[in-house]
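The structure under discussion appears below in the form of structure tokens.
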Amino acid sequence: TAHATESTNITASVNEKVTKIYFEDGQHVNAGDILVELNQSEEKAELKRAQAVRGERKLTLDRLLKLEKQQLTAPDVIDRTRLELEQAEASISAIKTRIQDRLIRAPFDGIVGLREISVGTLVESGDIITTLDDTRQIKLDFTVPSVFLPELKPGLHINARAPALNDKKFEGQVQNLDSRIDPLTRSIKVRSLLPNPNGLILPGQLMQENLLYKTRQALEVPEAA
């Protein structure tokens, strides 16, 4: 079975309403692209209030520092005001993080699947919004009897055919071997990579794979000759 090199379900981490959708079904997106925006009105209001508090405390601190030069204020008052300013800065950072949680971004380059939500949908934490797959290369995992273990190594050539694609041939190579042999079947799992620049192979597709080892060139003569 074919697998994307990177694959994930795009979900929300908070409970909120969808306000904007920035992707279409089957669209290619880049890592960091915003896919969905959730309602941020409450957080933006809190951010403005926190920024106002920070501005007020900064002015107070500046005024106290001027008075300190004239020895008209106590050091502990300045320290307390400076601490309050740091607390305001921390509140702003926390609110900005909550705002970022409401911008759902693509974690890597890939193709998004079907959209499962609409504007106005109330999504809850864990709800699937869409899927994302990086199919520029396809992973194929298959098992090989452990008696062939001395011959197995990364870089071995493979070819694979997809029955659903009229047995079109794809070529790739072994990427790595599992670290364990299955004690029941005495076989080892092998992972191979197939280039998929045109996106013909889709995750979940059935493929027939041949692992080539000890290959050699030979002269072939038709039997009729």
Side-chain angles (χ1 to χ4, degrees), residues 3-137 139 175-176 179 203:
H3 300 279
T5 50
E6 300 290 346
S7 181
T8 188
N9 292 327
I10 302 298
T11 60
S13 59
V14 296
N15 300 345
E16 196 56 86
K17 282 188 177 181
V18 176
T19 56
K20 291 182 182 179
I21 299 174
Y22 294 95
F23 71 94
E24 299 292 339
D25 298 347
Q27 178 182 337
H28 180 273
V29 296
N30 297 317
D33 285 353
I34 298 175
L35 303 179
V36 175
E37 182 178 320
L38 304 180
N39 184 34
Q40 309 167 13
S41 56
E42 181 178 347
E43 286 71 27
K44 287 183 176 180
E46 290 181 6
L47 180 60
K48 288 184 178 179
R49 182 165 57 249
Q51 288 172 335
V53 171
R54 178 186 62 180
E56 178 185 357
R57 290 175 180 172
K58 189 175 185 306
L59 289 174
T60 301
L61 180 61
D62 290 343
R63 186 167 55 251
L64 289 173
L65 290 175
K66 291 179 180 178
L67 293 174
E68 183 187 28
K69 293 179 180 180
Q70 303 173 16
Q71 297 182 348
L72 296 176
T73 186
D76 60 332
V77 176
I78 294 177
D79 292 341
R80 185 168 59 252
T81 305
R82 185 176 283 114
L83 178 61
E84 290 173 349
L85 179 59
E86 292 175 356
Q87 291 173 342
E89 294 282 2
S91 296
I92 289 174
S93 297
I95 295 170
K96 286 182 177 179
T97 299
R98 287 164 54 193
I99 290 176
Q100 288 300 314
D101 287 341
R102 284 155 176 76
L103 296 175
I104 300 175
R105 301 176 182 270
F108 51 81
D109 297 353
I111 305 294
V112 292
L114 300 179
R115 178 160 56 91
E116 302 293 342
I117 47 94
S118 299
V119 173
T121 301
L122 176 61
V123 295
E124 297 183 357
S125 179
D127 284 354
I128 295 178
I129 293 171
T130 187
T131 57
L132 179 64
D133 296 293
D134 182 357
T135 58
R136 291 171 295 182
Q137 293 189 98
K139 290 189 296 190
Q175 181 193 30
N176 223 325
S179 60

Interatomic spacing from CD1 in I78 to CG in L64 - rounded to 0.5 Å: 5.5 Å
Spacing of OG belonging to S41 relative to CD belonging to E16, to within rounding of 0.5 Å: 7.0 Å
CG-CD distance between D101 and Q40, expressed to the nearest 0.5 angstrom: 10.0 Å
Backbone of R98 reached by a side-chain donor or acceptor of R102 within 3.5 Å: yes
Taking every non-hydrogen atom, the tightest pair across E124 and N15: CA-OD1, 3.1 Å
Pairs under 3.5 angstrom only: tabulate donor-acceptor contacts from the side chains of residues 106-118 to other protein residues two or more places apart or in another chain.
unit_1	atom_1	unit_2	atom_2	d
D109	OD1	A31	N	2.6
R115	NH1	I117	O	2.9

Shortest non-hydrogen contact from P203 toward D133: CG-CG, 4.2 Å
Minimum-distance pair of heavy atoms, taken over all atoms of V36 and L38: CG1-CD2, 4.0 Å
Under 3.5 Å: donor-acceptor pair, side chain of Q27, backbone of E24: yes
Sidechain-backbone polar pair: S93 side chain, E89 backbone, donor-acceptor under 3.5 Å: yes
Residues D62, K58; criterion salt bridge (charged side-chain N to carboxylate O under 4.0 Å, His left out); working and verdict: CA-CA 6 Å; D62 290 343; K58 189 175 185 306; 3.5 Å; yes
Side chain N9, main chain I128, donor-acceptor under 3.5 Å: no
Least distance between heavy atoms, L35 atom then F23 atom: O-CD2, 3.4 Å
Side-chain heavy-atom pair R49, I92 within 4.5 angstrom cut-off: no
Donor-acceptor contact below 3.5 Å, side chain D134 vs main chain R136: yes
Over all atoms of both residues, closest heavy-atom pair of I129 and I104: CD1-CD1, 3.2 Å
Atom pair CD/CD1 of E42 and I95 - distance to nearest 0.5 Å: 10.0 Å
Side-chain heavy-atom pair T8, T131 within 4.5 angstrom cut-off: no
Shortest non-hydrogen contact between T5 and Q137, atoms and distance: CG2-O, 3.1 Å
Rounded distance [0.5 Å steps], NE2 in H28 versus CG in L132: 9.0 Å
Sidechain-backbone polar pair: R57 side chain, E84 backbone, donor-acceptor under 3.5 Å: yes
Euclidean distance, D127 CG relative to T121 OG1, rounded to 0.5 Å: 9.5 Å
Any side-chain donor near an acceptor of the partner, N39 and T19, under 3.5 Å: no
Beyond-backbone contact of T81 with L85, side-chain heavy atoms, under 4.5 angstrom: no
